[in-house]
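Below, chains carry the letters A, B, ... as their sequence lines are ordered, and counting in each starts from 1.
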Protein chains: 2
Amino acid sequence: MDNPRKSPTMTDVARKAGVSPMTVSRAFKPGSLVNDATRARILAAAEELGYVLDSTASSLRSQKTDFVAVTIPSINNANFADTVGALNEGLKHRGLQILLGYTNYDMQEEERLIEQLLRRKPQAVVVTGGKHTPRCRRLLTNANVPVIETWDLPEAALNHVIGFSNAQAVQSMVDHFVAKGLTRIAFIGGDADRDTRGLDRRLGFVAAMQRHGLDATRLIAAGPPPISMREGADAMVHLLDTAPDTEAVICVSDLSAFGALSACQRRGIPVPGQISIAGFGNYEVGAICVPSITTIDPGPKEIGARAASLICKVLDNSTTEAICEHIQPRLLLRESSI
Amino acid sequence: MDNPRKSPTMTDVARKAGVSPMTVSRAFKPGSLVNDATRARILAAAEELGYVLDSTASSLRSQKTDFVAVTIPSINNANFADTVGALNEGLKHRGLQILLGYTNYDMQEEERLIEQLLRRKPQAVVVTGGKHTPRCRRLLTNANVPVIETWDLPEAALNHVIGFSNAQAVQSMVDHFVAKGLTRIAFIGGDADRDTRGLDRRLGFVAAMQRHGLDATRLIAAGPPPISMREGADAMVHLLDTAPDTEAVICVSDLSAFGALSACQRRGIPVPGQISIAGFGNYEVGAICVPSITTIDPGPKEIGARAASLICKVLDNSTTEAICEHIQPRLLLRESSI
DNA sequence: ATGAAAGCGCTAACAA
DNA sequence: TTGTTAGCGCTTTCAT
């Protein structure tokens with residue numbers, strides 16, 4: 001037996017198969033010209049030796065890592081998970097492997113993460129959101145790879161964009177409620193200084209309310225993101241205590257909306273009889289619960305799928321032109337709102 | 001201007017800072033001995049050039065990739081997301097980067113994924129579940145890196161294990177219901193041939209029912225995994241139609257349990273008044289909804305945190321001894337069961 | 001269809 | 001504290 005700590009290399013396989021290392025390399029590359037019999041002999045030798053191709057060496061020599069770096073605020077969020085899932089689905093056929101990082105809704109953390117991920121020399125970068133630290137922007141620009149900002153419409157795009165306006169989406173929800181005759185409308189969201197998409201939604205709420213000449217001060221800050229069900233429930237309790245005449249609540253996400261709904265149910269407050277509730281994101285819970293929750297579907301999977309297509313296109317053509325694709329969020333009216 | 005397509009290398013930085021490439025290398029390695037002034041000069045030169053360390057080359061030379069390969073059935077599952085999140089948290093301080101892959105509850109896909117991930121030469125591998133194709137087992141064994149199987153207690157462990165018995169956990173739930181005097185108990189889960197943890201839970205249900213001398217044939221197959229809220233709701237409708245005298249339902253996860261609960265609410269069937277419901281996994285929805293859902297908490301974060309600790313320990317000591325850590329799932333009694 | 005030579009960018013090992 | 005040499009395992013390039 002040889003030393004089990006040392007893995008076999010192409011040279012070992014080549015010797016065993018009676019060919020040169022170069023031929024082994026070709027045998028492992030799908031589209032290349034190797035005699036069928038030779039290839040079979042090589043693959044058999046490799047299997048017998050337990051040989052596994054070393055992508056590290058391959059990447060260094062060919063200057064192609066087949067990595068795509070992706071950052072999302074949190075791993076435990078079904079919306080971002082859907083985007084990453086669709087992205088992965090669209091990339092894996094090309095042999096592209098996602099390198100995933102979590103920013104924890106923090107631009108400083110994003111900067112650290114991007115710096116670390118860029119060292120792996122990804123062939124494309126997909127980030128969530130359109131706001132970044134100056135150094136992060138510099139790092140991404142210098143990297144000379146396609147960058148896609150998602151889930152937002154940045155003021156100054158780094159490169160490509162696949163997103164939508166969070167503010168506008170919420171404005172359409174406010175318009176819907178106002179058209180139904182509701183005027184005392186509240187917003188439940190996270191603290192303003194972290195989650196920029198959540199902040200944009202709040203700003204959209206305030207802008208729309210002011211446009212309608214309505215009171216835009218029923219703003220419940222539910223703490224630092226992520227704002228999930230528990231935070232939504234607590235915020236609703238607070239709202240019911242401080243502004244019991246509220247007619248409708250728009251929540252930063254379906255998760256907090258479901259929490260808010262549950263808080264109403266525990267207090268015996270009919271939804272939508274006394275209060276209408278709306279969320280954001282079209283999470284599964286909002287479609288299944290009773291009453292189902294009115295929401296906005298920003299198409300998380302579509303964002304991921306389009307990002308994958310764009311990456312593939314750019315890597316083929318090496319197109320330099322920056323693309324900006326707008327996703328149109330859909331308003332889904334359900335039982336939780338009149 | 002130089003060609004923007006070509007990134008600067010250590011040699012470029014070294015020339016600019018007036019030192020040798022080796023000193024630049026040391027300057028970028030946190031714990032190493034470089035004159036403070038020299039290091040400052042080097043980092044300034046690097047920043048000015050927009051230099052980013054190339055981990056690919058570094059990994060090849062040092063034979064340390066700082067990758068940890070992780071496979072989970074689905075990205076869109078809060079339990080596995082919690083495990084990966086805790087794993088990431090425990091690894092990032094050491095500079096270890098997770099390489100994540102999704103098996104889609106398919107052992108063939110897992111084999112393909114593991115083969116691809118092993119080419120990246122990870123320094124440890126964490127897989128979900130204890131059942132794998134023979135070739136997958138061979139690949140993992142040959143890789144000569146620590147392997148951790150999680151979320152299960154494998155019959156024949158590959159190496160390390162951090163898990164629990166899915167069957168036993170569900171048996172304890174059955175015992176609880178039986179002790180309460182319930183006898184007509186059903187199980188809602190996915191088709192038997194894919195999700196092995198789900199299958200184990202079903203087997204645990206059947207074993208416990210038979211041990212109590214009860215009818216174990218109220219098994220609703222909700223289709224191929226992932227079984228989520230929609231599938232749970234549909235399965236509950238089917239159950240209510242075919243076995244309306246059922247007193248309790250145990251679901252393969254809290255998501256399907258919540259779907260089942262919603263189906264009952266739509267039919268006006270009181271829970272737990274007429275039917276008790278239990279889930280698995282301690283997802284947030286089950287804690288927040290009304291009534292809250294009785295469940296089993298298998299400690300997803302604890303699994304991830306322990307896996308991270310184990311990896312760090314093994315990479316330090318290069319301990320060869322295989323560890324098997326049992327997690328004790330906790331029964332959480334809530335409002336959905338009497 | 002196959003092989004030989006060279007080198008991707010970095011760091012281990014040794015030297016000063 | 002810093003420098004020199006060599007080479008990690010593979011693939012590009014050129015040759016046959």
*asked:* Do A:His160 and A:Glu149 have side chains that approach each other closer than 4.5 Å (heavy atoms only, starting at C-beta)?
replied: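 No. Closest side-chain heavy atoms not under 4.5 Å.
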*Tell me, do B:Ile303 and B:Trp151 make a side-chain contact under 4.5 Å, heavy atoms counted?*
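Contact flag for B:Ile303/B:Trp151 side chains = yes.
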Tell me the interatomic distance from [X], atom [atom1], to [N], atom [atom2], rounded to whole angstroms.
| X | N | atom1 | atom2 | value |
| --- | --- | --- | --- | --- |
| B:Lys64 | C:dT11 | NZ | C1' | 11 Å |
| A:Asp36 | C:dT2 | CG | C1' | 15 Å |
| B:Arg39 | D:dT2 | CZ | C1' | 13 Å |
| A:Asp54 | D:dT11 | CG | P | 9 Å |
| B:Arg15 | C:dC10 | CZ | P | 12 Å |
| B:Met10 | D:dG3 | CE | C1' | 15 Å |
| A:Ile42 | C:dG3 | CD1 | P | 8 Å |
| B:Leu53 | C:dG9 | CG | P | 12 Å |

Check this one for me: any side-chain N or O of [X] less than 4.0 Å away from OP1 or OP2 of [N]?
| X | N | value |
| --- | --- | --- |
| A:Tyr51 | D:dC10 | yes |
| B:Lys6 | C:dG9 | yes |
| B:Ser20 | D:dG3 | yes |
| B:Thr11 | C:dG9 | no |
| A:Ser59 | D:dC10 | no |
| A:Thr23 | C:dT2 | no |

Under 3.5 Å, which protein N or O atoms sit close to an N or O of nucleotides 12-16 of chain C? Give each pair with its distance.
residue, atom, partner, partner atom, Å
C:dA12, O4', B:Arg61, NH2, 3.3

*Which part of the nucleic acid, if any, lies within contact of B:Thr38, taking any heavy atom under 4.0 Å across all strands shown: a base, the sugar-phosphate backbone alone, or nothing?*
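Since only primed, P, OP1 and OP2 atoms lie under 4.0 Å of B:Thr38, the category is sugar-phosphate.
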Qualifying residues under side-chain contact (heavy atoms from CB on, under 4.5 Å), relative to [X], sequence neighbours excluded:
| X | result |
| --- | --- |
| B:Glu48 | B:Lys16 |
| A:Lys29 | A:Ser32 |
| A:Val52 | B:Leu118, B:Arg119, B:Lys121 |
| B:Leu153 | B:Val161, B:Ser165, B:His326 |

Given [options], which nucleotide is nearest the side-chain atoms of [X]?
| X | options | value |
| --- | --- | --- |
| A:Val34 | C:dT2, D:dT11, D:dG9 | C:dT2 |
| B:Gln63 | C:dA1, D:dG9, C:dG9 | D:dG9 |
| B:Leu60 | D:dC10, D:dG9, C:dT11 | D:dG9 |

*Who pairs with B:Asp195 by salt bridge (Lys or Arg N to Asp or Glu O under 4.0 Å), at least two apart in sequence or on another chain?*
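Checked B:Asp195 against salt bridge (Lys or Arg N to Asp or Glu O under 4.0 Å); matches are B:Arg197.
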*Distance under 6.0 Å and angle within 45° of the ring axis: does A:Arg39 meet both against A:Phe28?*
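No.
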*5'-most contact on DNA chain D: B:Val19 or B:Ala57, nearest heavy atom basis?*
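It is B:Val19 whose nearest nucleotide is closer to the 5' end.
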